Participant: 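Below is the structure I would like to discuss, written out as structure tokens.
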Amino acid sequence: MSDRTYDPQEVEVRWQEYWEKNRTFVTDLDSAKRPFYNLMMFPYPSAEGLHVGNVFAFTGADIQGRYHRIKGFDVFEPIGFDAFGIHSENYALKMGIHPSRLVPSSVANFRRQMKRMGLMTDWTREVQTTDPAYYRWTQWIFTKLFEHGLAYRAKAPVNWCPACQTVLANEQVIAGNCERHPDTAVERREMEQWFFRITKYASKLLENLSWIDWSLTTKQAQAHWIGRSEGAEIDFALEGADGAVRVFTTRPDTLYGATYMVLAPEHPLVDRLVSRELRAEVDAYRTAAKAMREVERLDAGKQKTGVFIGAHAINPATGRPIPIWIADYVLLGYGTGAIMAVPAHDQRDYEFAQAFGLPIVPVIFPIGESLPEGAAFEGEGLLGNSGPFDGAPSQEARAKIVAYLATKGCAEAKVNYRLRDWCISRQRYWGPPIPVIYCDRCGVLAVPERDLPVLLPETDDFRPDASGVAPLARVSEFYHVACPKCGAPARRETDVSDNFLDSAWYFLRYTSTDRADVAWDRARTDRWLPVSLYIGGNEHAVLHLMYTRFLCMAFHEMGLTGFEEPFRRFRAHGLLIKEGAKMSKSRGNVVNPDAYVAEHGADTFRMYLMFLGPYEEGGDFRDQGIIGIRRFLDRAWRWVVEERPALPKGDLPRSARIRLHQGIAKVSADTESLQYNTAIAALMELLNVLREQSVADSESGEAFVRLLAPYAPHLAEELWAALGRSPSVFDAGWPDFDPALTLTDSVEIAVQVNGKLRETVRVERGSSQETVQAVAVARERVAAHMADKTLRKVFFVPDRLINLVVG
RNA sequence: GCCGGAGUGGUGAAACUGGCAGACACGCGGGACUCAAAAUCCCGUGGGGGCAACCUCGUGUGGGUUCAAAUCCCACCUCCGGCACCA
């Protein structure tokens with residue numbers, strides 16, 4: 001017996017060197033016959049290094065890559081780093097070191113840790129979003145969108161975080177507070193911003209969800225975010241003035257019950273409509289609403305407030321004038337920024353009408369019950385108080401009323417979306433400058449492709465200030481530029497683009513990192529995309545994944561790619577938490593993998609994370625059971641290296657062979673469907689069975705090692721070599737199983753009497769009810785429970801169960 | 001409030017399409033080996049009762065459907081994630 005034992009450090013480093021030297025996981029993108037693009041969400045390389053949450057995410061994705069590789073696919077598994085953005089910038093400000101000097105060491109640390117984890121990454125295709133060779137193309141994408149009318153500049157009320165000193169996307173505002181500063185209320189500011197017209201694709205973004213193979217939860221989150229609602233836009237003519245107020249409603253059937261209107265305080269018509277006597281009051285309300293903290297304004301439970309503006313509009317159905325109010329519960333950014341208020345059938349309008357003594361006219365009457373007291377009736381029923389439409393069912397009346405108004409030119413059916421355009425301007429330093437030049441003569445120009453990249457100037461003066469102007473405005477060599485068209489003095493845009501733009505196209509760049517002349521090589525993207533499988537966290541369900549889909553639709557429309565949807569399959573992994581809480585630096589509960597890898601090795605740590613619970617559900621990280629995985633790998637090593645070679649050669653007994661084939665079937669199916677915890681349990685069971693055998697057969701060793709390979713890649717290579725096979729096990733093919741050998745010859749059948757388990761009997765597979773019943777009733781324990789009772793009925797599930805009902 | 005997901009031994013968890021609840025591990029108890037320990041191996045391990053064979057209760061709570069429910073239905077509780085005056 002050898003005195004050597006399994007030494008993961010030695011084994012793992014040796015195989016990592018072997019893979020690197022032999023370019024085992026470097027993919028020839030141009031000759032691949034069976035491309036499998038295995039994508040994982042690239043990390044933000046924080047200075048603290050990789051944490052277990054990253055390792056959990058990467059490992060689950062890497063298992064898919066390795067599994068497909070053994071199955072014979074040409075797997076492309078690239079990685080990159082996304083070090084632009086506010087997170088890096090704030091950290092740099094805190095440390096007083098320029099981000100361009102901090103990022104390389106963070107990246108180097110991440111790279112070291114990731115290599116040590118043994119991912120099958122193709123490191124020849126690494127991208128960094130902060131590299132001018134990359135962001136040149138991020139800027140190019142902006143110019144393409146600009147050319148196609150998908151990028152525009154608008155003054156808009158934006159979310160301003162006083163702590164970040166920058167604009168936030170809606171998605172970055174959590175309950176009215178900043179995503180990065182949970183104690184800081186977001187303010188609203190009017191600013192010139194660059195937007196991408198994602199709303200153009202709202203319907204396509206929604207419709208395609210019906211066929212893309214994504215985790216259901218992710219698709220639901222996207223559908224909700226897009227927020228489609230069907231209704232109508234209706235014009236309410238102004239009384240004693242030209243023009244009309246347009247509203248959006250999902251309930252045109254309630255039009256006869258519209259007894260007043262409400263505009264958002266910021267609505268542009270307010271200024272024109274407000275009466276002289278009420279102007280002071282209205283202005284005071286508008287100022288207050290504007291200054292109000294977003295959290296307060298959006299608090300659904302708060303008392304309704306508002307003011308009458310001294311003007312009236314005509315209800316187009318009743319022909320009667322109704323008062324126009326402003327109130328902060330109506331939002332400028334949704335629908336038309338104005339509503340028709342139907343207090344009888346909308347709870348918010350009801351509360352408002354109650355507070356201000358406005359008339360409440362019911363027009364929908366529930367069938368077979370009466371209207372609720374003290375609340376709006378929001379359900380369906382028959383129309384009343386509705387002139388010619390009285391008696392019509394409310395659902396049918398919607399279209400009828402719209403059609404009737406349409407003939408008078410004051411309504412049209414309309415689909416509204418909650419989705420808003422993507423604001424990409426950031427008044428910060430650490431990002432790709434938006435490639436735009438403002439020339440007094442030529443107007444707003446995109447920087448021509450030949451002048452890209454617009455390099456981010458090196459400056460130590462990059463702290464944002466309350467001016468709201470980006471730090472780049474203070475760098476005069478950058479700010480002043482000659483117009484690319486006429487040569488006259490012109491100015492550069494000084495905002496940088498949103499970090500989400502960097503990460504919205506990185507998977508296209510991976511294929512073409514060797515090409516300095518194009519963003520991506522069309523032949524390669526045609527071969528490799530859409531991505532075969534994308535694995536990542538569901539926290540990106542509506543941000544990253546939505547923006548990415550939008551860009552790909554735009555690229556496809558421009559003829560830049562051959563596909564519309566970037567990810568064939570997307571699977572969301574669960575969140576790894578610690579003691580019931582999300583891991584974060586502020587909580588001080590971030591777990592660093594290095595210590596575990598140093599103690600037990602990467603294989604053990606990988607498998608342990610995967611064994612913790614269902615991959616798609618995540619779980620609570622504890623290191624309690626890690627020793628169980630280590631023991632399992634130790635046993636696997638001993639079995640292959642020491643125990644098995646000492647046994648005489650021979651064939652497995654049939655029962656063991658059946659267990660082997662059942663194991664192959666189970667591990668294959670569970671790996672395929674990301675049920676890694678049960679796949680590992682099956683591997684353990686299989687090893688337990690195989691170690692009980694007293695012969696060394698020719699089949700089980702190689703099968704087991706290959707099943708183990710996606711999970712413990714280093715050890716699998718080592719054991720493959722110990723079996724006398726030449727590397728790499730990842731070129732060896734996935735073991736097949738014989739379906740006939742996955743069924744045992746005999747089965748154990750549960751015998752119940754009146755639904756309670758009393759006995760089990762072992763019979764030949766496929767035994768008839770008569771046979772099983774005969775065996776069962778002959779058993780003493782069964783007979784005892786049936787004594788002096790009559791057999792009423794028998795339920796028989798072949799090969800499983802028999803239930804004898806007596807009474 | 002709304003939309004998802006979840007609630008099972010001391011712990012992480014497993015359970016096909018409604019068909020033997022607790023696979024696989026951790027931990028714990030006992031034993032073997034050892035001068036001793038570590039490592040390893042073997043046995044046991046949901047609760048209660050019983051010397052035992054066995055009996056009985058048991059998947060968040062309360063009802064229901066069914067020969068049979070962790071699984072389906074109704075009502076509720078708790079936790080996690082997301083959204084939130086969306087007209």
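Residue numbering restarts at 1 for every chain, and letters A, B, ... go by the order of the sequence lines. Note that the coordinates shown come from a computational prediction; the quantities given were computed from them, not determined experimentally. Only this structure's heavy atoms are used, side chains among them; waters, hydrogens and symmetry mates stay out.
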Participant: Please tell me if A:Lys414 has a side-chain N or O lying less than 4.0 Å from either OP1 or OP2 of B:A87.
Facilitator: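 Checking A:Lys414 against B:A87: no side-chain N or O falls below 4.0 Å of OP1 or OP2.
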
Participant: Rounded to whole angstrom, note down the P distance from B:G22 over to B:G58.
Facilitator: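 To the nearest whole Å, 16 Å.
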
Participant: Do you see a donor-acceptor pair shorter than 3.5 Å between the side chains of A:Tyr711 and A:Thr671?
Facilitator: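 There is such a pair between these side chains.
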
Participant: Pairs in or reaching into residues 332-346 of chain A: which pass salt bridge (charged side-chain N to carboxylate O under 4.0 Å, His left out), with residues at least two apart or in two chains?
Facilitator: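 For residues 332-346 of chain A: A:Asp346-A:Arg348.
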
Participant: Would you say A:Arg631 places a side-chain N or O within less than 4.0 Å of OP1 or OP2 belonging to B:G27?
Facilitator: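 For B:G27, OP1 or OP2 has a side-chain N or O of A:Arg631 closer than 4.0 Å.
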
Participant: Can you list everything that forms a ring pair (Phe, Tyr, Trp, His ring centres under 6.0 Å) with A:Phe704? Sequence neighbours excluded, please.
Facilitator: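 A:Phe704 satisfies ring pair (Phe, Tyr, Trp, His ring centres under 6.0 Å) with A:Trp639 once adjacent residues are dropped.
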
Participant: Please give the distance between the P atoms of B:G46 and B:U40 as a whole number of Å.
Facilitator: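 These two P atoms come out 23 Å apart once rounded.
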
Participant: Has A:Arg800 got a side-chain N or O lying under 4.0 Å from the OP1 or OP2 atom of B:G18?
Facilitator: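 No, A:Arg800 has no side-chain N/O under 4.0 Å of OP1/OP2 on B:G18.
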
Participant: Partners of A:His785 by ring pair (Phe, Tyr, Trp, His ring centres under 6.0 Å), sequence neighbours excluded?
Facilitator: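 Not a single residue meets the ring pair (Phe, Tyr, Trp, His ring centres under 6.0 Å) criterion with A:His785.
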
Participant: Tell me, please, which residues at least two apart from A:Tyr596 pass ring pair (Phe, Tyr, Trp, His ring centres under 6.0 Å).
Facilitator: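 Here the qualifying residues are A:Phe605, A:Phe621.
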
Participant: Pairs under 3.5 angstrom only: tabulate donor-acceptor contacts from the side chains of residues 675-684 of chain A to other protein residues two or more places apart or in another chain.
Facilitator:
unit_1   : atom_1 : unit_2   : atom_2 : d
A:Gln675 : OE1    : A:Ser673 : OG     : 2.7
A:Tyr676 : OH     : A:Gly60  : O      : 2.7
A:Tyr676 : OH     : A:Gln64  : NE2    : 2.9
A:Thr678 : OG1    : A:Asp670 : OD2    : 2.8
A:Thr678 : OG1    : A:Gln675 : O      : 3.1

Participant: Please list each protein N or O that sits under 3.5 Å from an N or O in nucleotides 65-71 of chain B, with the distance.
Facilitator:
unit_1 : atom_1 : unit_2   : atom_2 : d
B:C67  : O2'    : A:Asn803 : ND2    : 3.3
B:C67  : O2     : A:Asn803 : ND2    : 2.5

Participant: Would you say B:C24 has OP1 or OP2 under 4.0 Å from some side-chain N or O of A:Asn677?
Facilitator: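 Indeed not, no polar side-chain atom of A:Asn677 lies that close.
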
Participant: What residues form a ring pair (Phe, Tyr, Trp, His ring centres under 6.0 Å) with A:Phe356, not counting sequence neighbours?
Facilitator: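 Here the qualifying residues are A:Trp325, A:Phe352.
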
Participant: N/O contacts under 3.5 Å, protein versus nucleotides 5-12 of chain B?
Facilitator:
unit_1 : atom_1 : unit_2   : atom_2 : d
B:G12  : O2'    : A:Leu612 : O      : 2.5

Participant: At 4.0 Å (heavy atoms only), tell me whether A:Arg635 reaches a base, stays on the sugar-phosphate, or touches nothing.
Facilitator: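 Sugar-phosphate contact only - A:Arg635 comes under 4.0 Å of backbone atoms but never of a base.
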
Participant: Can you give one letter per nucleotide of nucleotides 45-55 of chain B, 5' to 3': B if a protein heavy atom sits under 4.0 Å from the base, S if only from the sugar-phosphate, - if neither?
Facilitator: ---------SS

Participant: How many whole angstroms separate atom NE2 of A:His224 from atom P of B:G81?
Facilitator: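 For the pair A:His224 NE2 and B:G81 P, the rounded distance is 18 Å.
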
Participant: Using Watson-Crick and G-U wobble pairs with both distances under 3.5 Å, what is the 5'-to-3' dot-bracket string of RNA chain B, with [ ] for crossing pairs and | for pairs outside the strand?
Facilitator: (((((((..(((......[....)))((((((.......))))))((((....))))..(((((..]....))))))))))))....

Participant: Return the set of residues passing side chain to side chain donor-acceptor pair (under 3.5 Å) with A:Glu233 (not counting sequence neighbours), or none when no residue passes.
Facilitator: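 Here the qualifying residues are A:Arg246.
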
Participant: Not counting sequence neighbours, list each pair that qualifies as a salt bridge (charged side-chain N to carboxylate O under 4.0 Å, His left out) and has a residue in residues 797-807 of chain A.
Facilitator: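 Of all non-adjacent pairs touching residues 797-807 of chain A, those that pass salt bridge (charged side-chain N to carboxylate O under 4.0 Å, His left out) are A:Arg765-A:Asp799.
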
